[in-house]
Amino acid sequence: MATREEWSMSDFEIGKYIGEGKFGKVYLAREKQSGYVVALKVIFKPKLEKYRFHPHLRREIEIQRDLDHPNVLRLFAWFHDEEKVVLVLEYAARGELYKVLRAAGRFDERTAATYVASLAGALAYCHKKGIIHRDIKPENLLLDLEGRLKIADFGWAARSNAKRHTLCGTIDYLAPEMVEKKAHDHAVDNWTLGILCYEYLIVTVDWAFPSTPRVSSEAKDLISKLLVKDSSKRLCLEDIMKHPWIQKNAEPSGSCIKHKDVTRAKVIDK
Ligand code: AMP
């Protein structure tokens, strides 16, 4: 899609309604000049004011528009008028990973390892740019048509030059240093990655390995090295990507979807 100073709704053909969040609605759309398919997130200003969400949205826009990684949802542009703010986002055709996980119950090791590797790669990219996401959870992870993971929703993200103190994120995924309101850094995202990996494979919430479902000893090894209370001893993202479980199971393309399923989804989408 071309870069432009001023965008407006008239630049887009609006397609199907995708869904609704706390602050607005999301639509499939096509940019008229290029024909490029995007998702438009329309956020209503009175709602922003009611929930005092301006600072989050501003931070989300500032952070997300600087990020360009295959596993981070692209924010192509944004514009506003009197009533609304509109984000022009990459379209993630397969929607929330959360729903896919709920429908499947659990993922096989190849799928889980592929998502964990994609997430670790995207977080390593963000951390290198000095960004900590702080709210990684299945609801904030979307899938594109090929089933590639995309991190979305940078409303809680922060620039990480110094240790931070704000308590944020979603309670089930909070790292111990955040729960104890201690200073925290990028290692909070690595804790969450351990929880997600556990959830992808096992689903129950108590932190112990049940006898079923059977999970490989390499997967258990990775989870145990991420769910470490002392954040300085937690495995770093580079080591996650080099871990034997990831090396053995993750798809390098980031997609576990078969070609015929992609073609079928394209036809359904039209
Ligand atoms: P949200 O306002 O972010 O909670 O999104 C509302 C609904 O739209 C949720 O079901 C999201 O999964 C979906 N959605 C948000 N952004 C996108 C996107 N870029 N592509 C596809 N679906 C999206």
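One-based numbering, in listed order, for ligands and for the atoms of each.
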Ring centers of F107, Y115 separated by less than 6.0 Å: yes
Looking at the rings of Y27 and F12, which for Trp means the six-membered one, are their centres under 6.0 Å apart? no
Sequence neighbours excluded - salt bridge (charged side-chain N to carboxylate O under 4.0 Å, His left out) pairs with any residue from residues 234-248: E177-R234, E218-K248, D239-K242
Check: Y17/E20 side-chain N/O donor and acceptor closer than 3.5 Å: yes
Please give the N or O to N or O pairs under 3.5 Å between ligand 1 and the protein, distances rounded to 0.1 Å.
from, atom 1, to, atom 2, distance (Å)
ligand 1, 3 (O), K41, NZ, 2.9
ligand 1, 10 (O), E96, OE2, 3.0
ligand 1, 12 (O), E96, OE2, 2.9
ligand 1, 19 (N), E90, O, 2.8
ligand 1, 20 (N), A92, N, 2.9

Sequence neighbours left out, what pairs pass salt bridge (charged side-chain N to carboxylate O under 4.0 Å, His left out) with at least one residue falling in residues 113-126? none
Could you list all the salt bridge (charged side-chain N to carboxylate O under 4.0 Å, His left out) pairs where at least one residue sits in residues 38-57, not counting sequence neighbours? none
